[in-house]
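In what follows, a single structure is set out as structure tokens and then discussed.
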There are 2 protein chains.
Amino acid sequence: MKLTTKGRYAVNAMLDLALHNDKAPINLTDISARQDISLTYLEQLFSKLRKKGLVESIRGPGGGYRLALDADEITIMRVMYAVDEPIDVTRCGGQQNCMGDVRCLTHDLWLGLNRHIAEYLNGISLGEMVRMNNVKQVADRQDAIMLKDVTHMAATPSDATH
Amino acid sequence: MKLTTKGRYAVNAMLDLALHNDKAPINLTDISARQDISLTYLEQLFSKLRKKGLVESIRGPGGGYRLALDADEITIMRVMYAVDEPIDVTRCGGQQNCMGDVRCLTHDLWLGLNRHIAEYLNGISLGEMVRMNNVKQVADRQDAIMLKDVTHMAATPSDATH
DNA sequence: CTCTTTTCAGAGTAATTTAGTCAACTATAT
DNA sequence: ATATAGTTGACTAAATTACTCTGAAAAGAG
């Protein structure tokens with residue numbers, strides 16, 4: 001299992017999609033604004049997510065993306081695997097030849113770690129996250145900021161901290 | 001937690017040390033041969049391991065490295081942290097400002113994953129690994145190969161174990 | 001003292017990966 | 001038609017990884 005920012009971006013974006021998953025499809029421009037991910041990078045990510053059957057796309061004006069499955073069926077694991085080729089933590093990709101012809105000393109250790117991570121990430125779905133309170137709160141804030149931007153209100157975000 | 005081959009090399013090397021942890025210090029040339037890691041790279045790794053107090057060094061002929069602590073006190077986690085700067089899995093390093101001024105949607109998710117991995121890697125020590133059967137078998141084979149190289153003898157120990 | 005074996009320190013580097021950008025499409029609603 | 005939105009693939013700058021190279025310095029053996 002690979003753990004990169006790419007995978008995390010993908011999860012953030014997918015969760016955004018799950019949170020706004022009503023009738024109308026969500027376009028990437030909105031997700032880009034809310035989640036602070038460049039549009040072109042999102043396009044790249046969603047291309048992969050679509051090919052893995054996690055989202056479906058609707059082209060043209062009013063188009064965008066929608067979850068292709070129930071949010072409870074989409075685990076964090078599936079999202080991360082969709083965008084990041086799974087790199088194995090062992091040196092040999094499950095083969096037993098990590099070291100010349102014999103498996104390395106720590107072969108089983110890394111396999112165990114792999115299993116462990118997978119278990120955790122497979123145990124959490126987008127649906128569950130949507131129902132979590134703290135997630136909902138953050139999402140509401142993000143939506144509020146978007147609204148403010150759209151209306152061109154004088155309120156500059158005043159991001160003194162960074 | 002960062003998961004790199006560097007960390008895996010370090011664990012392999014440290015386990016080698018633990019397996020051969022008798023009176024005499026072990027030099028890196030031997031570990032290099034047994035674990036198939038370049039000598040200069042090992043030097044780099046052990047420099048860090050020493051600075052973190054996991055090994056102690058003896059210079060000069062007959063010198064080498066020794067575990068600075070009991071093998072049961074050295075967890076896999078400690079080894080990996082010694083050589084790889086811990087990169088945080090969240091975007092903000094535990095701060096709450098992953099996204100401008102609010103924490104990102106998935107902040108807690110990554111923190112949880114971090115905790116999970118740490119728990120696993122902290123739950124396993126070099127001592128425990130040394131006592132595991134499959135590890136011992138691999139180690140014996142590695143030693144046998146080393147011996148063969150040194151003596152240039154034809155007498156293969158015929159290690160028909162499994 | 002000198003030779004050899006070892007660790008110690010840090011600079012340098014080639015390859016790979018990451019995190020994107022850019023440009024040129026295609027499909028569809030109005 | 002035209003504007004909106006997804007689609008594709010090539011390209012790239014920056015960072016990271018996984019090392020190597022050089023040249024010490026310490027310590028024991030002869």
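Comparing A:Ile58 and A:Thr40 by the nucleotide of DNA chain D that holds the closest heavy atom to each, the one mapping nearer the 5' end is A:Ile58. Residues A:Thr5 and B:Ile26 each lie close to DNA chain C; by heavy-atom proximity, the contact nearer the 5' end of the strand is made by B:Ile26.
Separating the CD1 atom of A:Ile37 from the C1' atom of C:dT18 is a distance of 15 Å, rounded to the nearest angstrom. Per the geometry, CG belonging to A:Leu42 stands 14 Å off C1' belonging to C:dT21, to the nearest Å. Rounded to whole Å, the distance from CZ on A:Phe46 to C1' on D:dT8 is 17 Å. Per the geometry, CG belonging to B:Leu39 stands 12 Å off P belonging to D:dC21, to the nearest Å. Atom P of nucleotide D:dA5 and atom CG of A:Leu17 are separated by 15 Å, given to the nearest angstrom. The NZ atom of A:Lys48 sits 15 Å away from the P atom of D:dT7 (whole-angstrom rounding). A:Glu43 has its CD atom 16 Å from the P atom of D:dA10, to the nearest Å. Here the P atom of nucleotide D:dT17 and the CG atom of B:Asp84 are 7 Å apart, to the nearest Å.
At the phosphate of D:dG6, neither OP1 nor OP2 sits under 4.0 Å from any side-chain N or O atom of A:Ser57. For B:Tyr65 and C:dC8, the shortest distance from a side-chain N or O to OP1 or OP2 is below 4.0 Å. Side-chain nitrogen and oxygen atoms of B:Ser38 include none within less than 4.0 Å of the OP1 or OP2 phosphate oxygen of D:dC19.
A donor and an acceptor atom, one from each side chain of A:Gln44 and A:Ser47, are nowhere located under 3.5 Å apart. Side chains of B:Glu43 and B:Thr40: no donor on one and acceptor on the other come within 3.5 Å.
On a pure distance criterion of 3.5 Å, no polar donor-acceptor pair joins the side chain of B:Glu56 and the base of C:dT7. Donor-acceptor pairing under 3.5 Å, judged by distance alone, is absent between the side chain of A:Arg50 and the base of D:dT7. In the interface, the side chain of A:Gln44 is paired with the base of C:dT21 through a donor and an acceptor atom under 3.5 Å apart.
Side-chain heavy atoms closer than 4.5 Å link hydrophobic residues (I, L, V, M, F, W, Y) into clusters, and following such links, possibly through other members, connects B:Tyr120 to A:Ile124.
Closest of all the heavy-atom pairs between A:Leu42 and A:Ala13 is CD2-CB, 3.8 Å.
Of the candidates D:dT20, C:dT18, D:dA26, D:dT20 carries the atom nearest the B:Tyr41 side chain, counting heavy atoms from C-beta on. Nearest to the side chain of B:Thr4, among C:dA19, D:dA18, D:dG6, sits D:dA18. When distances are taken from the side chain of A:Pro61 to each of D:dC19, D:dA18, D:dT4, the shortest belongs to D:dT4. Nearest to the side-chain atoms of A:Asn27 among the listed nucleotides C:dA9, D:dA5, D:dC19 stands D:dA5. When distances are taken from the side chain of B:Tyr9 to each of D:dC19, C:dG20, C:dT7, the shortest belongs to D:dC19.
Each ring-ring contact (aromatic ring centres under 6.0 Å, His included) pair with one or both residues in residues 52-73 of chain B, not counting sequence neighbours, appears once here: B:Phe46-B:Tyr65.
Side-chain N or O atoms of A:Ser32 include one that pairs as donor or acceptor with a backbone N or O of A:Ile37 at under 3.5 Å.
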